[in-house]
Amino acid sequence: MTAKVITVTSGKGGVGKTTAVANLATALAMDGKRVVCIDGDIGLRNLDVVMGLENRIVYDLVDVIEGRCKLKQAMIRDKHLPDLYLIPAAQTRDKNAVSPSDMVRICNDLRPDTDFVIVDSPAGIERGFRNAIAAADSVLVVTNPEVSAVRDADRVVGLLEAEEKGPPSLIINRLNPNLVKNNDMLSAEDVLDLLGIRLIGIVPEDENVIIGSNRGAPTVGDAKSRAGQAFRNIAKRLQGEEVPFMDLAPQSGLWNAIQRFAGRK
């Protein structure tokens, strides 16, 4: 067992990156994989809340790095999935408390006993971003289908390629087919044209995502949620499975184009 380290990042805040991490990690654990999430957003941790583990924190990532605890002491086991763990970020420190080499060391220590290590990167392109990508075997870029988010994502894609961590794969989050149809939102094809990277998933707008995040219960556990299904499909693709994209807007012909962009036609 040698873990694959996946960093999930974005250029712009608020696009649903942390929610994506929680849902993908949960979906992978539901598939029987041993998964460790690392919250790399030092000073602004949120992954613990989205996963419903905020009341279980004793030690955090910086405690491990500075030697106040062993790595396993900082790993919080999920309430429902015995092979899903979280290493939370420190809330009272800044991003300079962690270096890229620290992240590489921690991820390497996790690799022998884990299938996936998923790192939640802070938004933006500063020190925290460089820490989060340091150990990555692959990177997922999350964006919303809006101009400002896509522009920031494009900047991140360029940085990843400069750091030899690219090309990343793309998750388009919170796509609303009705707004796309009315030309009030960028289509998935528009986003793909602008970014020019491989598509790994499209997550439709779904109020169940917010409800699940507020309850500390990722929406992948809800069989009726369209967003939950989308995240489960992305998790399958991360495991190398060929899974067709959900048909969100069949009347537009858009999804044939998306399958083509994703290399599935």
Side-chain angles (χ1 to χ4, degrees), residues 1-9 17-41 45-65 69-89 98 102-121 131-140 142 165 168-169 171 200-201 212-213 216-223 228-243:
M1 183 185 292
T2 302
K4 182 176 184 180
V5 179
I6 301 172
T7 296
V8 182
T9 189
K17 172 181 51 59
T18 296
T19 302
V21 170
N23 277 281
L24 292 176
T26 301
L28 289 165
M30 288 167 60
D31 283 343
K33 302 301 180 183
R34 185 176 172 89
V35 185
V36 178
C37 299
I38 300 176
D39 190 342
D41 199 352
R45 72 182 181 210
N46 285 305
L47 186 54
D48 56 308
V49 175
V50 177
M51 295 179 70
L53 299 173
E54 67 274 18
N55 294 326
R56 296 188 173 195
I57 295 174
V58 178
Y59 296 109
D60 57 47
L61 179 64
V62 175
D63 289 324
V64 178
I65 289 167
C69 71
K70 296 185 182 298
L71 181 58
K72 289 190 175 180
Q73 289 178 287
M75 293 168 57
I76 305 168
R77 190 192 297 265
D78 185 74
K79 294 176 183 176
H80 308 292
L81 295 163
D83 286 330
L84 175 60
Y85 295 84
L86 167 68
I87 300 175
V98 181
D102 291 328
M103 290 294 290
V104 170
R105 176 172 57 83
I106 285 177
C107 289
N108 285 344
D109 287 346
L110 291 168
R111 285 182 192 271
D113 303 312
T114 309
D115 294 302
F116 289 92
V117 176
I118 304 184
V119 181
D120 185 11
S121 168
N131 290 340
I133 66 170
D137 300 313
S138 63
V139 180
L140 306 181
V142 180
K165 293 292 183 179
S169 297
I171 296 174
I200 196 169
S213 294
T219 194
V220 287
D222 180 356
Q229 182 62 58
F231 282 122
R232 289 192 295 274
N233 289 349
I234 296 168
K236 298 285 188 189
R237 294 181 194 118
L238 290 174
Q239 296 172 74
E241 296 184 32
E242 290 287 330
V243 182

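Given the structure is predicted, the values throughout are model-derived calculations rather than measurements. All residue numbers refer to positions in the sequence shown, counting from 1.
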(request) Can you measure from CD (Gln229) to CD1 (Ile234) and round to the nearest 0.5 angstrom? (result) 10.5 Å
(request) State plainly whether the residues Asp137 and Arg111 are in salt-bridge range, i.e. N to O under 4.0 Å. (result) yes
(request) Walk me through it: do Val62 and Val98 pass the test side chain to side chain contact (heavy atoms under 4.5 Å, CB included)? (result) CA-CA 7 Å; Val62 175; Val98 181; 4.0 Å; yes
(request) Please tell me if the side chains of Pro88 and Leu61 come closer than 4.5 Å, counting only heavy atoms from C-beta onward. (result) no
(message) For Arg105 and Ile65: C-alpha separation, side-chain torsions, deciding distance, then whether side chain to side chain contact (heavy atoms under 4.5 Å, CB included) applies.
(response) CA-CA 9 Å; Arg105 176 172 57 83; Ile65 289 167; 4.3 Å; yes
(request) Identify the heavy atoms of Thr114 and Phe116 that sit nearest to each other, and give their distance. (result) CG2-O, 3.1 Å
(message) Looking at every non-hydrogen atom in both residues, tell me the closest pair between Val104 and Ala135 and how far apart they are.
(response) CA-CB, 3.8 Å
(message) Please find the pair of heavy atoms, one from Lys17 and one from Ser121, that lie closest to each other, and give the distance.
(response) NZ-O, 2.6 Å
(request) Starting at OG of Ser169, measure out to CG of Leu140 and round the result to the nearest 0.5 Å. (result) 6.0 Å
(request) Could you tell me the separation between the CD1 atom of Ile118 and the CG atom of Leu47, rounded to the nearest 0.5 Å? (result) 9.5 Å
(message) With rounding to the nearest 0.5 angstrom, report the NZ to CG distance, Lys72 to Asp113.
(response) 5.5 Å
(message) If you define the side chain from C-beta out and look only at heavy atoms, does anything of Val35 sit under 4.5 Å from Leu81?
(response) no
(request) Determine yes or no for a side-chain-to-main-chain donor-acceptor pair under 3.5 angstrom, with Asp63 supplying the side chain and Asp60 the backbone. (result) yes
(request) Check step by step if side chain to side chain contact (heavy atoms under 4.5 Å, CB included) holds for Asn46 and Asp120. (result) CA-CA 10 Å; Asn46 285 305; Asp120 185 11; over 6 Å; no
(request) May I ask you to decide if Val220's main-chain N or O and Arg232's side chain share a donor-acceptor pair within less than 3.5 Å? (result) yes
(request) Could you pull out the closest heavy-atom pair between Lys165 and Ile133, with the gap in Å? (result) CE-O, 3.1 Å
(message) Please report the interatomic distance CG(Leu53) to CZ(Arg77), rounded to the nearest 0.5 Å.
(response) 11.5 Å
(request) Quick one: closest heavy-atom pair of Ala132 and Thr7, and the distance? (result) O-OG1, 2.6 Å
(request) With the side chain counted from C-beta on, respond yes when Ile76 and Met51 share a heavy-atom pair under 4.5 Å apart, and no when they do not. (result) no
(request) Start with the C-alpha gap between Gln73 and Val58, add the side-chain angles, then the distance that decides, and say whether side chain to side chain contact (heavy atoms under 4.5 Å, CB included) holds. (result) CA-CA 8 Å; Gln73 289 178 287; Val58 178; over 6 Å; no
(message) Under the rule for side chain to side chain donor-acceptor pair (under 3.5 Å), what residues qualify as partners of Thr219, not counting sequence neighbours?
(response) Ser225
(request) Give the minimum heavy-atom separation between Arg45 and Asp48, together with the two atoms involved. (result) CG-OD1, 3.6 Å
(message) Applying salt bridge (Lys or Arg N to Asp or Glu O under 4.0 Å), can you list everything that pairs with Asp222, at least two apart in sequence or on another chain?
(response) none
(message) Please check this pair: side chain of Arg34 against backbone of Ala3, looking for a donor-acceptor N/O pair closer than 3.5 Å.
(response) no
(request) State which residue, out of Ile106, Asp109, Leu110, fulfils the side-chain contact (heavy atoms from CB on, under 4.5 Å) condition with Val117. (result) Leu110
(message) So, taking the atom named CG in Leu86 and the one named CE in Met75, what distance separates them when rounded to the nearest 0.5 Å?
(response) 10.0 Å
(message) Going by the rule side chain to side chain contact (heavy atoms under 4.5 Å, CB included), which residues pair with Val50 if we only count those two or more places apart in sequence or in a different chain?
(response) Thr18, Ala22, Ser213
(request) Indicate yes or no: at least one non-hydrogen side-chain atom of Val36 is less than 4.5 angstrom from one of Cys107. (result) no
